[in-house]
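Have a look at the structure below, then the notes.
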Amino acid sequence: CCGVLHHLADPAQGLKALAGLLAPGGGMGLMVYGTLGRAGVYSMQALLRMLTDADGDEAKVAFVRRLLDDLPATNAFKRNPFVGDHLSGGDAGLFDLLLHSRDRAYRVPEIAELAAAAGLRITAFVEPARYDPASYVKDPAILERLAGLDRLERWAAAELIAGNMTKHVFYAVEADHPGPAVATADDANAVAHLRLEAGEDLAAGIKPGRALTATIDGVSLRFPLPPLARAMVERIDGTRSLADIHAQLLEANPDLERDAFMDQFARLYAALNGLGKLYLSYPPG
């Protein structure tokens with residue numbers, strides 16, 4: 001359910017209706033707007049309601065174009081580099097962003113409340129690294145305090161620190177989900193999958209001894225990679241389990257014990273899953 005709940009008259013009722021359609025053990029992926037990254041959007045919407053309510057749609061769009069060209073540098077919307085639908089989406093993008101008749105945004109705690117009211121619990125936000133405070137701050141004293149927070153509080157803290165999230169993509173299952181809802185990197189039976197890039201293509205970009213870097217909405221993230229990162233990625237094909245990958249690596253690395261392999265894979269997973277490029281699943285059955 002992508003980009004729908006935040007346009008409903010009653011998002012909570014909408015999510016309850018969706019939750020009622022889940023199969024036993026099922027889950028869902030959702031996206032809603034993020035409050036902090038959309039700074040200036042709602043003040044601009046309020047201004048436009050004052051000035052254009054009597055106009056037709058085409059006249060509204062033309063007026064907004066004139067207004068955007070005439071805004072002072074101090075305007076919160078003009079200063080927000082993270083919102084660009086009015087630039088990339090043409091008139092439709094502009095209308096959806098600034099002239100939509102019903103639109104609300106959420107912060108992480110509000111999403112958790114929305115999910116709980118529908119009998120759901122959140123399993124993950126995407127991309128996970130964006131919701132990890134350690135992606136943004138490195139001061140040991142600050143990290144120590146952040147480590148004392150529970151998972152939801154850490155997600156919320158990361159949102160407050162980053163300040164650039166225009167939307168929240170998350171996954172949820174029923175609150176009383178009967179079994180493991182998410183495959184984890186410490187389970188050798190889990191099957192590894194790469195998103196978008198083929199393993200060989202991604203592996204070619206991994207240089208021994210170098211970290212993986214990425215820039216997301218103005219924030220540079222850096223992830224150290226384990227020595228066997230490239231060899232692992234080359235063997236991820238969506239069918240091999242972690243145990244299978246370990247067995248293949250043993251051919252060239254006969255001293256690679258299971259615990260050492262799992263430790264290196266966990267570090268690879270933290271980096272690639274953190275950027276939304278590597279996922280795990282349980283095999284059928």
Side-chain angles (χ1 to χ4, degrees), residues 1-19 27-50 52 57 60-61 64 67-68 71 75-118 120-133 135-136 151-172 215-219 275-276:
C1 178
C2 180
V4 175
L5 291 179
H6 52 232
H7 290 312
L8 298 182
D10 189 342
Q13 189 61 37
L15 186 54
K16 286 180 182 178
L18 291 174
M28 68 177 81
L30 303 107
M31 183 277 277
V32 295
Y33 289 147
T35 301
L36 301 185
R38 286 168 66 84
V41 169
Y42 297 102
S43 57
M44 186 62 62
Q45 286 184 2
L47 173 62
L48 292 171
R49 282 192 293 270
M50 292 172 58
T52 67
D57 290 348
K60 287 182 179 181
V61 170
V64 174
L67 178 62
L68 293 180
L71 290 174
N75 178 269
F77 180 78
K78 190 166 186 174
R79 289 187 289 110
N80 186 346
F82 310 119
V83 178
D85 300 25
H86 58 303
L87 302 175
S88 62
D91 288 350
L94 180 149
F95 200 98
D96 185 65
L97 179 66
L98 296 175
L99 295 167
H100 203 291
S101 60
R102 191 161 56 213
D103 163 3
R104 67 153 297 174
Y106 292 83
R107 284 180 44 200
V108 166
E110 295 169 327
I111 294 173
E113 292 173 2
L114 183 71
L120 302 172
R121 62 180 171 89
I122 300 169
T123 59
F125 280 93
V126 178
E127 289 84 11
R130 301 191 71 178
Y131 293 84
D132 181 358
S135 295
Y136 307 108
R151 186 172 66 157
L152 176 61
E153 290 172 332
R154 286 176 60 81
W155 288 335
E159 177 190 22
L160 292 169
I161 293 169
N164 64 352
M165 298 177 188
T166 60
K167 62 185 178 182
H168 296 291
V169 179
F170 62 101
Y171 290 87
T215 300
I216 303 176
D217 288 340
V219 177
L275 295 173

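A quick note: this is a predicted structure, and the numbers were derived from the prediction, not measured.
T123 pairs by the side chain to side chain contact (heavy atoms under 4.5 Å, CB included) definition with R121, Y171, V173, A181, V182, not counting sequence neighbours. With sequence neighbours excluded, the residues satisfying side chain to side chain contact (heavy atoms under 4.5 Å, CB included) with A157 are P133, L146, L149. For A12, the side chain to side chain contact (heavy atoms under 4.5 Å, CB included) test picks out D10, L114, with sequence neighbours left out. D217 pairs by the side-chain hydrogen bond (donor to acceptor under 3.5 Å, both in side chains) definition with R130, not counting sequence neighbours. L36 is linked by a side chain to side chain contact (heavy atoms under 4.5 Å, CB included) to R107, E159, L160, counting only residues two or more places apart in sequence or in another chain.
The distance from the CG atom of L15 to the SG atom of C1 is 7.5 Å, given to the nearest 0.5 Å. A distance of 12.0 Å separates CZ of R154 from CG of L152, quoted to the nearest 0.5 Å. L18 CG to L120 CG: the interatomic distance, rounded to the nearest 0.5 Å, is 9.0 Å. Between E110 atom CD and H168 atom NE2 the span is 8.5 Å, to the nearest 0.5 Å.
Between A39 and N80 the shortest heavy-atom distance is O-ND2, 3.0 Å. The nearest pair of heavy atoms linking I122 to A112 is CD1-CA, 3.9 Å. For Y131 against K167, the heavy-atom pair with the smallest separation is OH-O, 3.8 Å. Nearest heavy atom pair, residue Q45 against residue L98, reads CG-O, 3.4 Å. Among all heavy-atom pairs drawn from A76 and G40, the shortest one is CB-CA, 3.8 Å. Taking every heavy atom of both residues into account, A172 and L30 meet most closely at CB-CD1, 4.4 Å.
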Next on the checklist: Assess the residue pair I216 and L275 against the criterion (side chain to side chain contact (heavy atoms under 4.5 Å, CB included)); give the C-alpha distance rounded to whole Å, side-chain angles, the decisive distance to 0.1 Å, and a yes or no.
Outcome noted: CA-CA 9 Å; I216 303 176; L275 295 173; 3.9 Å; yes

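The shortest distance between side-chain heavy atoms of L97 and R38 falls below 4.5 Å. You'll find the side chain of L67 reaches within 4.5 Å of the side chain of L47, heavy atoms only. M44 places a side-chain heavy atom less than 4.5 Å from the side chain of N75. Taking the side chain as every heavy atom from C-beta outward, Y42 and Y33 approach each other to under 4.5 Å. Side-chain contact between V64 and L68 is present, with at least one heavy-atom pair separated by less than 4.5 Å. Residues L99 and D57 have side chains not in contact (no heavy-atom distance under 4.5 Å, counting atoms from C-beta outward).
Screening residues 82-107 for ring pair (Phe, Tyr, Trp, His ring centres under 6.0 Å) gives H7-H100, F77-H86 as the qualifying pairs, with residues at least two apart or on separate chains.
Counting only distance, with no hydrogens or angles, the side chain of T166 and the backbone of V83 share no donor-acceptor pair below 3.5 Å.
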